[in-house]
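Notes follow the structure.
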Amino acid sequence: VKNVLQLIRRRAGKHVIESEVDEELNFHIDTQTDDYEHLGLSREDSRAMAEARFGDVERIRTECIRIGSGKSVLIWILNSVFLMSLLVGLLLRALIPEMHVNRVGDVMMMIGGLGILLVYAKQAGTSVFSPNKKSLQLGLNSNTPPPSFDEQGRTPFDRVRSDE
Amino acid sequence: MIGSFLDSLGVSVLVSALDILEERVFMQTSRTDLMQGTLELLILKTLSRQQMHGYGIAQLIHKAVDDVLKVEDGSLYPALYRMEERGWITSQWGLSENNRRAKFYKLTRVGRRQLAAQSDNWERVSRAVIRVLEAT
């Protein structure tokens, strides 16, 4: 129930997440630009350097919004199915006294219970259970555009430092 | 204890399979050039000292790793969002040093446990690599 409510809330508030992601990424690039500017670079060079250092803004923005607005539909679907299985199993067990129906109820409860446990384990992070298998991205991106180099291969930042 | 109990049920295997399925079907995430989990570990360690906004985390990581690792600033954010999703960190908006609204991240109890687990794992792996290098 908590997951369903969370998903609905996130879906409903997707535009809020979008604007929050924009604000956060803008804050980063603006602050980096200011820092470069304080070191003596021009505003344009500072901005270019900050953007180059940040990486592909659009890709990162899209990824953040996707994660922020309910990461995995699969998890949500699985959670719902397992929860439903558990509830139906419980109802069968409680309402119908016949033996074979009871067994079906038991199986459904077991599937639902184990499934919910599985999804919980997934959300808690698998590394708790198998630390050397779980992983994530260190997003080095070879497509990052280089800052504007001069003929000696120096960035604007290098040029300011050598001028000093 | 819970971990080993779940392992005995084969939960970790199923979870790994679920991870792969999820990634294949729903997540078109970028592949990594460095050992997986490294960025998360760096973020967790950085946040273990104090709560911080993304820019601050990036600066500290850059300062710490110098030129040895080249971390793209933007890659930090999807990692932060994923870590928040998992409950390792929480976030709240506040005012930065330059008086602008910024999102501050803070380590949770789960995150601290995660940091300990990942640090242990990292040390184990690096010890193993060093042993191999020294042996050859």
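Computed from a predicted structure; not experimentally measured.
- Other residues, nucleotides and ligands contribute at most 12 non-hydrogen atoms within 6.0 Å of the CZ atom of R109(B).
- Counting heavy atoms from C-beta outward, S96(B) and T31(A) have side chains that stay 4.5 Å or more apart.
- Taking hydrophobic clusters as Ile, Leu, Val, Met, Phe, Trp and Tyr residues chained together by side-chain heavy-atom distances below 4.5 Å, V104(A) shares a cluster with I96(A).
- Y55(B) places a side-chain heavy atom less than 4.5 Å from the side chain of Q32(A).
- Scanning both residues, I60(A) and S75(B), for their nearest heavy atoms gives CD1-N, 4.1 Å.
- With chain A as partner, the option from L41(B), N98(B), L80(B) having the largest number of non-hydrogen pairs under 4.5 angstrom is N98(B).
- For a residue to count as touching a neighbouring chain, one of its non-hydrogen atoms must lie under 4.5 Å from one of that chain's; by this rule I29(A) does not touch chain B.
- Note on L60(B) and V65(B): same hydrophobic cluster, where clusters join Ile, Leu, Val, Met, Phe, Trp and Tyr whose side-chain heavy atoms are under 4.5 Å apart, directly or indirectly.
- With a 4.5 Å cut-off on non-hydrogen atoms, V21(A) touches chain B through its backbone and its side chain both.
- In the hydrophobic clustering of ILVMFWY residues, with side-chain heavy atoms under 4.5 Å counting as a link, W88(B) and F104(B) come out apart.
- There is no contact between R113(B) and chain A, counting heavy-atom distances below 4.5 Å.
- What you find for A58(B) and H28(A) is that their closest heavy atoms are CB-CE1, 3.7 Å.
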Going through the checks in order, is the side-chain contact (heavy atoms from CB on, under 4.5 Å) test met by E63(A) and R82(B)?
-> CA-CA 10 Å; E63(A) 204 171 339; R82(B) 264 189 292 265; 3.4 Å; yes
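- Highest contact tally toward chain A, considering only R100(B), K103(B), E97(B), H53(B), is held by R100(B) [criterion: heavy-atom pairs under 4.5 Å].
- Follow the hydrophobic side-chain contacts under 4.5 Å out from V88(A) and you never reach L117(A); the two are in separate clusters.
- Between C64(A) and P78(B) the shortest heavy-atom distance is SG-N, 3.7 Å.
- The number of heavy-atom neighbours closer than 6.0 Å to CZ of R103(A), taken from other residues, nucleotides and ligands shown, is 12 or below.
- Salt bridge annotation for E72(B)-R53(A): absent, with no cationic side-chain nitrogen under 4.0 angstrom from a carboxylate oxygen.
- Each of L95(B) and W93(B) belongs to its own hydrophobic cluster when Ile, Leu, Val, Met, Phe, Trp and Tyr are linked at side-chain heavy-atom distances under 4.5 angstrom.
- In the model, E24(A) has a side-chain atom that pairs as donor or acceptor with a side-chain atom of Y81(B) under 3.5 Å.
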Could you walk me through whether Y77(B) and R61(A) pass the side-chain contact (heavy atoms from CB on, under 4.5 Å) check?
-> CA-CA 9 Å; Y77(B) 289 94; R61(A) 178 183 182 273; over 6 Å; no
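- When all heavy atoms of E85(B) and I67(A) are compared, the closest pair comes out as OE1-O, 3.4 Å.
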